[in-house]
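Here the structure is laid out as structure tokens; the discussion comes afterwards.
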Amino acid sequence: QVQLVESGGGLVQAGGSLRLSCTASGSIFSINAMNSMNWYRQSPGNQRELVATITRAGFITYADSVKGRFTISRDNAKNTVLLQMNSLKPEDTAVYYCNAHKTWPSTYDYWGQGTQVTVSS
């Protein structure tokens with residue numbers, strides 16, 4: 001059974017930093033085998049939005065709202081994906097979810113349970 005476990009959320013003042021971690025577990029699960037590892041976020045009343053992506057090849061993309069402030073990285077040996085969040089703003093407040101996306105042999109998405117990030121003004 002595959003599990004994605006997020007940690008690192010919390011309460012921080014505007015301008016502060018947090019680092020989210022997503023660790024994958026499962027007997028045969030490897031983040032390096034996924035097409036991409038992603039961080040999403042969802043705030044009350046809003047749809048879940050894609051924040052950052054790192055592909056198996058190492059290609060990285062960010063939502064415009066977090067470019068220059070957030071950094072996604074991965075440690076394949078530890079089966080872990082990180083999201084370093086700097087210069088946080090109140091509008092970054094949301095539940096952050098880790099996602100693993102694969103397309104072979106079939107398309108499937110694994111999700112973590114989410115971690116709350118609250119940025120106070």
Side-chain angles (χ1 to χ4, degrees):
Q1 184 177 354
V2 175
Q3 277 192 314
L4 299 178
V5 179
E6 301 102 333
S7 62
L11 174 64
V12 65
Q13 287 189 331
S17 298
L18 285 173
R19 189 176 75 165
L20 304 184
S21 177
C22 170
T23 299
S25 63
S27 60
I28 59 173
F29 185 87
S30 169
I31 64 170
N32 199 40
M34 299 293 109
N35 284 80
S36 64
M37 296 297 298
N38 310 282
W39 284 98
Y40 285 77
R41 68 185 181 188
Q42 187 170 22
S43 54
N46 293 315
Q47 290 188 333
R48 192 171 294 191
E49 67 167 330
L50 179 60
V51 174
T53 293
I54 183 166
T55 69
R56 185 167 53 200
F59 186 69
I60 292 174
T61 56
Y62 299 99
D64 288 343
S65 58
V66 306
K67 279 181 183 175
R69 300 188 298 120
F70 289 12
T71 302
I72 188 171
S73 61
R74 69 175 185 221
D75 184 335
N76 292 334
K78 295 182 179 179
N79 239 5
T80 296
V81 177
L82 302 173
L83 185 68
Q84 178 66 41
M85 305 186 296
N86 298 328
S87 302
L88 282 162
K89 304 175 181 180
E91 52 263 44
D92 294 318
T93 295
V95 178
Y96 284 71
Y97 296 91
C98 179
N99 164 267
H101 179 71
K102 73 178 185 75
T103 59
W104 186 91
S106 60
T107 298
Y108 193 80
D109 286 282
Y110 300 93
W111 292 94
Q113 81 288 351
T115 185
Q116 176 70 47
V117 171
T118 303
V119 184
S120 63
S121 56

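Basis for what follows: all heavy atoms, side chains included, without hydrogens, waters or symmetry-related copies.
- For the residue pair T23 / T80, a side-chain donor-acceptor distance below 3.5 Å is found, with atom types taken as modelled.
- Taking CD of Q113 as the start and CD of E6 as the end, the distance is 4.5 Å to the nearest 0.5 Å.
- The salt bridge (charged side-chain N to carboxylate O under 4.0 Å, His left out) search around D109 returns none, not counting sequence neighbours.
- Taking OH from Y96 and CZ from R48, the interatomic distance works out to 13.0 Å, rounded to the nearest 0.5 Å.
- Residue L82 belongs to no hydrophobic cluster, having no ILVMFWY side-chain heavy atom closer than 4.5 Å to its own.
- V5 belongs to no hydrophobic cluster, as no Ile, Leu, Val, Met, Phe, Trp or Tyr side chain comes under 4.5 Å of its own.
- Checked against side-chain contact (heavy atoms from CB on, under 4.5 Å), A52 has the following partners two or more places apart in sequence or in another chain: Y62, I72, L83.
- Each salt bridge (Lys or Arg N to Asp or Glu O under 4.0 Å) pair with one or both residues in residues 96-108, not counting sequence neighbours, would appear here, but there are none.
- Think of W111 as one node in a network of Ile, Leu, Val, Met, Phe, Trp and Tyr side chains linked at under 4.5 Å; its network also takes in Y40, L50, V95, Y97.
- Here CG of N99 is found 7.5 Å from CG of L4. Values are rounded to the nearest 0.5 Å.
- With sequence neighbours left out, T53 forms a side chain to side chain donor-acceptor pair (under 3.5 Å) with N38.
- Taking each heavy atom of A14 and P90 in turn, the nearest pair found is CB-CD, 4.1 Å.
- One finds the CE atom of M85 at 11.5 Å from the CZ atom of R19 (value rounded to the nearest 0.5 Å).
- Side-chain contact between L20 and C22 is absent, with no heavy atoms from C-beta onward closer than 4.5 Å.
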Review item, side-chain donor-acceptor pairs of residues 114-121, under 3.5 Å, at least two apart:
residue : atom : partner : partner atom : Å
T115    : OG1  : G9      : N            : 3.3
Q116    : NE2  : A94     : O            : 3.4
Q116    : NE2  : T118    : OG1          : 3.3

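- Residues passing the side chain to side chain donor-acceptor pair (under 3.5 Å) test with N35 are T103, sequence neighbours excluded.
- Within the model, atoms CE of M37 and CD1 of I31 stand 5.5 Å from one another, a figure rounded to the nearest 0.5 Å.
- Residues satisfying the side-chain contact (heavy atoms from CB on, under 4.5 Å) test with S30, not counting sequence neighbours, are N32, A33, N79.
- For the pair T107 and H101, the minimum side-chain heavy-atom distance is below 4.5 Å.
- With sequence neighbours excluded, the residues forming a side chain to side chain donor-acceptor pair (under 3.5 Å) with S65 are R41, listed by chain and number.
- Scored by the side chain to side chain donor-acceptor pair (under 3.5 Å) test, R69 finds D92 as partners (sequence neighbours excluded).
- To the nearest 0.5 angstrom, I60 atom CD1 is 8.5 Å from R74 atom CZ.
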